[in-house]
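First up is the structure itself, then whatever we jot down about it.
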Number of protein chains: 2
Amino acid sequence: MPKQTVELTEAEWTIIKTVWEHEPCAAPTIQEKLHRQTEWTYSTVRTLMDRMVAKGLLTAEKIRNLTLYQSAVTRQQAQRGELLYALKNAFNGALTPMLQCLLETGDLSSEELTELESLIKQKKMTRKR
Amino acid sequence: MPKQTVELTEAEWTIIKTVWEHEPCAAPTIQEKLHRQTEWTYSTVRTLMDRMVAKGLLTAEKIRNLTLYQSAVTRQQAQRGELLYALKNAFNGALTPMLQCLLETGDLSSEELTELESLIKQKKMTRKR
DNA sequence: TTGCCATCTCTACATTTGTAGATAATGCTT
DNA sequence: AAGCATTATCTACAAATGTAGAGATGGCAA
């Protein structure tokens with residue numbers, strides 16, 4: 001069964017996003033891809049990734065001299081985890097205020113707002129089945 | 001000027017939510033209020049609160065033998081900070097996908113959905129001013 | 001005035017997170 | 001076979017986070 005509640009640190013987010021884009025991939029690859037953004041050395045990336053394996057966020061398979069990594073949680077799961085964390089701590093589990101705050105926070109274009117409306121309509125449909 | 005990016009750890013969230021409800025208040029008060037929920041000792045609560053003062057999340061004023069605390073960031077600010085953190089890390093800054101994921105995540109009643117719709121309509125109004 | 005209770009102060013310590021160097025092993029190239 | 005480049009291993013360490021005990025202090029009740 002998949003991890004119930006996925007929680008990632010900021011550095012882990014950085015890593016896993018790159019893994020999702022390149023998996024299966026080796027640590028040096030990730031290091032290169034991130035180098036511009038983070039300046040992390042190979043050691044840093046490697047340590048992070050191995051810790052993530054220990055936590056069940058990634059899987060590693062060793063082939064000869066190369067360790068190939070893959071994500072063990074999906075983007076969806078991770079995103080959901082992040083949202084649930086915020087929901088629980090910042091909003092005491094109340095979804096509507098959270099959505100409200102998010103709407104206020106953002107610069108949404110009218111198109112995006114319209115898109116949201118249809119998402120909500122859709123959601124309404126599904127709900128009352 | 002207020003802190004523009006507020007970030008709280010989970011323990012800090014627990015503390016500040018109780019402070020918001022009782023401020024100005026002393027550490028022992030917070031400890032009592034949280035006791036059921038967290039089992040934290042006075043020392044723990046106190047340490048946390050003093051660290052939060054150092055970070056500018058709370059303010060403290062000493063009156064004789066009593067230290068009175070108050071929040072230095074509003075609930076709004078803190079909530080926004082949490083959301084911005086999630087937005088940046090989990091959604092690469094893309095608001096719509098975040099909202100979408102949130103909609104999918106939650107058990108929203110039709111009433112809540114309707115409420116959201118009107119929020120969006122309102123937002124649309126404001127936008128095209 | 002004595003002692004108790006509430007509150008504070010200081011220090012401590014384990015774990016997690018962020019970061020990385022030094023050294024070893026592997027395997028390709030000549 | 002030797003050397004070079006790539007990758008891996010192991011160890012380290014500072015800062016942040018979570019948690020708390022021991023002892024000092026101040027004020028009130030008897």
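This structure is a prediction, so every number in the text was calculated from the model and none was measured. First the proteins, then the strands, lettered A, B, ... as listed; each starts at 1. These values consider heavy atoms only, across backbone and side chains, with no hydrogens, waters or symmetry-generated copies.
- One atom, CD of B/E32, and another, C1' of C/dA6, lie 11 Å apart when rounded to the nearest Å.
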> Which nucleotides of nucleotides 17-22 of chain D have their base under 4.0 Å from a protein heavy atom (B), which only their sugar-phosphate (S), and which neither (-), written as one string 5' to 3'?
Replying inline: BBBBBB

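- Going from atom CZ of A/R64 over to atom P of D/dT6 covers 18 Å, rounded to whole Å.
- For B/Q79 (side chain) and A/A90 (main-chain N/O), a donor-acceptor pair under 3.5 Å exists by modelled atom type.
- To the nearest 0.5 Å, atom OG1 of residue A/T9 and atom CG of residue A/L48 are 6.5 Å apart.
- Put simply, the residue from B/K17, B/R51, B/K55 that forms a side-chain hydrogen bond (donor to acceptor under 3.5 Å, both in side chains) with B/E12 is B/K55.
- Taking side-chain N and O atoms only, A/T67 has no distance below 4.0 Å to OP1 or OP2 of D/dT7.
- Residues B/P28 and A/N65 both approach DNA chain C. Their nearest nucleotides, taken by heavy-atom distance, put B/P28 toward the 5′ side.
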> Hey, mind stepping through A/E82 and B/Y85 against side-chain contact (heavy atoms from CB on, under 4.5 Å) and telling me if it holds?
Replying inline: CA-CA 9 Å; A/E82 192 67 41; B/Y85 177 91; 3.3 Å; yes

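- The interatomic distance linking A/I15 (CD1) with C/dT19 (P) rounds to 10 Å, in whole Å.
- Distance A/M52 CE to C/dG18 P: 10 Å, rounded to the nearest Å.
- Listed by first then second residue, pairs satisfying side-chain hydrogen bond (donor to acceptor under 3.5 Å, both in side chains) with a partner in residues 21-38 of chain B read B/E23-B/S71, not counting sequence neighbours.
- With hydrophobic clusters built from ILVMFWY side chains whose heavy atoms lie under 4.5 angstrom apart, A/L103 shares a cluster with A/L87.
- Whole-Å rounding puts the B/I63 CD1 to C/dC8 C1' distance at 15 Å.
- For the atom pair CG of A/L108 and NZ of B/K124, the computed distance is 11.5 Å after rounding to the nearest 0.5 Å.
- Here C/dG18 presents its P atom at 15 Å from CE of A/M49, a figure rounded to the nearest Å.
- Straight-line distance from the CG atom of A/L8 to the P atom of C/dT16: 16 Å, rounded to whole Å.
- Contact check, A/K62 against D/dT9: a side-chain N or O comes under 4.0 Å of OP1 or OP2.
- As rounded to whole Å, 15 Å separates atom C1' of C/dA20 from atom CZ of A/R46.
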